[in-house]
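Below is one structure, written out as structure tokens, with a few remarks after it.
Remember, predicted model here, so these are calculated numbers, not experimental data.
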Amino acid sequence: MHVLILGGTTEGRRLAELLADEAGVRVTSSLAGRVAAPRLPPGEVRVGGFGGAEGLAAWLAEHHVDALIDATHPFAGTISFNAAKAAALAHVPLLALRRPGWVAEEGDDWHPVGSLEEAARALPALGERVFLTTGRLGLAAFAGPGLDAHWFLVRSVDAPEPPCPARMEVLLDRGPFTLDGEREILRAHRVDVVVTKDSGGSATAPKLVAAREAGVPVVVVRRPAGPEGVSAVATPEEAVDWVRPLRGEVRVVCG
């Protein structure tokens with residue numbers, strides 16, 4: 001049985017590890033290639049795009065894929081819709097592996113927004129020293145003249161490229177992050193507002209606890225809607241349980 005994981009996340013790597021131990025399962029992980037030195041999962045790995053939904057469907061057929069699991073980042077967006085269309089075209093069962101979103105707790109000062117552009121517009125009313133944890137892509141939203149007075153600490157795995165905020169310091173780092181480390185970042189850089197995407201999971205959640213403790217507001221970018229009608233689970237272990245009954249099934253693809 002051949003399983004293709006659309007990965008690049010902690011959950012995708014963990015799923016590859018679990019499936020590598022399953023008898024009769026061949027696992028291939030596909031990474032987008034946006035990170036220069038990704039952490040590679042076990043099994044076969046491919047890097048780069050497929051050429052849209054049709055290209056992915058052709059790859060599924062050519063490589064005799066029996067099951068497709070979308071374990072991409074909740075904000076990957078386009079690839080999830082392509083996966084749904086490709087799975088339908090290739091008649092391959094599809095599962096989405098989605099970590100649950102974060103839930104505000106007592107003491108949190110969260111400001112939900114629908115996009116990075118909305119996040120940028122919210123900043124003037126909240127603070128001037130911004131801990132920007134949305135990654136290196138999308139920084140153009142914070143590069144407008146209306147935010148020239150703001151200072152940004154931008155954390156990302158790889159160095160960002162222009163356009164970037166006018167006043168910016170870059171912190172190259174990769175999660176998981178510790179609570180003590182996040183507390184120190186807020187203190188040392190005198191951060192008075194945090195901007196994050198609702199990525200969910202525990203690897204980057206400590207910044208939310210640190211902000212709550214310090215009374216720092218957090219601008220939270222809501223997740224985009226995914227394709228409808230796709231079965232989803234929250235953990236790699238649940239994804240393995242979904243795969244197991246599919247082993248041994250014979251799939252015939254015509255066309």
Side-chain angles (χ1 to χ4, degrees), residues 5-21 27 29-43 45 47 69-77 79 96-105 107-108 110 116 119 130-139 152-160 169-189 191 193-214 216-223 232-240:
I5 301 172
L6 304 177
T9 59
T10 301
E11 291 78 13
R13 288 191 298 274
R14 177 57 180 159
L15 176 57
E17 292 171 356
L18 294 173
L19 289 179
D21 291 332
V27 59
S29 297
S30 177
L31 309 181
R34 292 178 175 175
V35 177
R39 293 173 177 168
L40 298 180
V45 177
V47 179
I69 300 179
D70 176 13
T72 56
H73 193 277
F75 284 81
I79 184 61
L97 172 54
R98 290 283 180 264
R99 69 184 80 143
W102 291 315
V103 178
E105 299 184 13
D108 284 325
W110 285 11
L116 292 176
V130 186
F131 185 22
L132 189 57
T133 67
T134 56
R136 65 186 179 90
L137 302 178
L139 292 184
F152 291 84
L153 176 64
V154 176
R155 181 164 68 191
S156 62
V157 176
D158 295 320
E169 180 177 334
V170 176
L171 176 61
L172 297 180
D173 203 356
R174 187 200 304 258
F177 303 107
T178 66
L179 179 54
D180 285 343
E182 302 294 64
R183 286 168 174 158
E184 178 59 19
I185 285 176
L186 298 189
R187 185 200 65 78
H189 295 280
V191 170
V193 58
V194 175
V195 179
T196 186
K197 294 177 178 178
D198 181 14
S199 300
S202 60
T204 59
K207 64 190 170 191
L208 302 175
V209 179
R212 182 190 313 137
E213 293 176 348
V216 171
V218 181
V219 180
V220 181
V221 181
R222 292 187 293 266
R223 295 182 178 189
V233 296
T235 68
E237 289 76 15
E238 290 175 293
V240 173

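Residues passing the ring-ring contact (aromatic ring centres under 6.0 Å, His included) test with F131: none are found, sequence neighbours excluded. Shown here are the side-chain hydrogen bond (donor to acceptor under 3.5 Å, both in side chains) partners of E237, two or more places apart in sequence or in another chain: there are none. Checked against side chain to side chain contact (heavy atoms under 4.5 Å, CB included), A234 has the following partners two or more places apart in sequence or in another chain: P100, E238. With sequence neighbours excluded, no residue forms a salt bridge (charged side-chain N to carboxylate O under 4.0 Å, His left out) with E169. With sequence neighbours left out, the side-chain hydrogen bond (donor to acceptor under 3.5 Å, both in side chains) criterion links T178 to no other residue. Every residue meeting the ring-ring contact (aromatic ring centres under 6.0 Å, His included) condition with F75, not counting sequence neighbours, appears here in chain and number order: H73. The side chain to side chain contact (heavy atoms under 4.5 Å, CB included) check on T196 picks up W102, T133, K207, L208, V218, V220, with sequence neighbours excluded. A search for side-chain hydrogen bond (donor to acceptor under 3.5 Å, both in side chains) contacts involving S30 returns R46, not counting sequence neighbours. For A203, the side chain to side chain contact (heavy atoms under 4.5 Å, CB included) partners two or more places apart in sequence, or in a different chain, are P176. The side-chain hydrogen bond (donor to acceptor under 3.5 Å, both in side chains) search around R98 returns D70, S80, not counting sequence neighbours. For A119, the side chain to side chain contact (heavy atoms under 4.5 Å, CB included) test picks out V113, F142, V195, V219, V221, with sequence neighbours left out.
Side-chain atoms of R14 and T235, non-hydrogen and from C-beta on, never get closer than 4.5 Å to each other. A heavy-atom distance below 4.5 Å is found between the side chains of S199 and R99.
Under a 3.5 Å cut-off, the side chain of R223 and the backbone N or O of D198 do form a donor-acceptor pair.
For the side-chain contact (heavy atoms from CB on, under 4.5 Å) with L97, the qualifying choice from L15, T72, L6, I5 is L15, the only one to do so.
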Considering only distance and modelled atom types, tabulate donor-acceptor pairs under 3.5 Å from the side chains of residues 182-189, sequence neighbours left out.
from : atom 1 : to   : atom 2 : distance (Å)
E182 : OE1    : R155 : NH1    : 2.8
E182 : OE2    : R155 : NH1    : 3.4
E182 : OE2    : R155 : NH2    : 2.8
R183 : NE     : E213 : OE1    : 2.7
R183 : NH1    : D180 : OD1    : 2.9
R183 : NH2    : E213 : OE1    : 3.3
R183 : NH2    : E213 : OE2    : 2.8
E184 : OE1    : R187 : NE     : 3.0
E184 : OE1    : R187 : NH2    : 3.3
E184 : OE2    : R187 : NH2    : 2.5

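Across all non-hydrogen atoms, the minimal contact from V170 to L172 is CG1-CD2, 3.7 Å. Nearest heavy atoms, S156 versus G135: CB-C, 4.2 Å. For L139 against P160, the heavy-atom pair with the smallest separation is CD1-CB, 3.4 Å.
Note: R13 CZ to R39 CZ = 5.5 Å, rounded to the nearest 0.5 Å.
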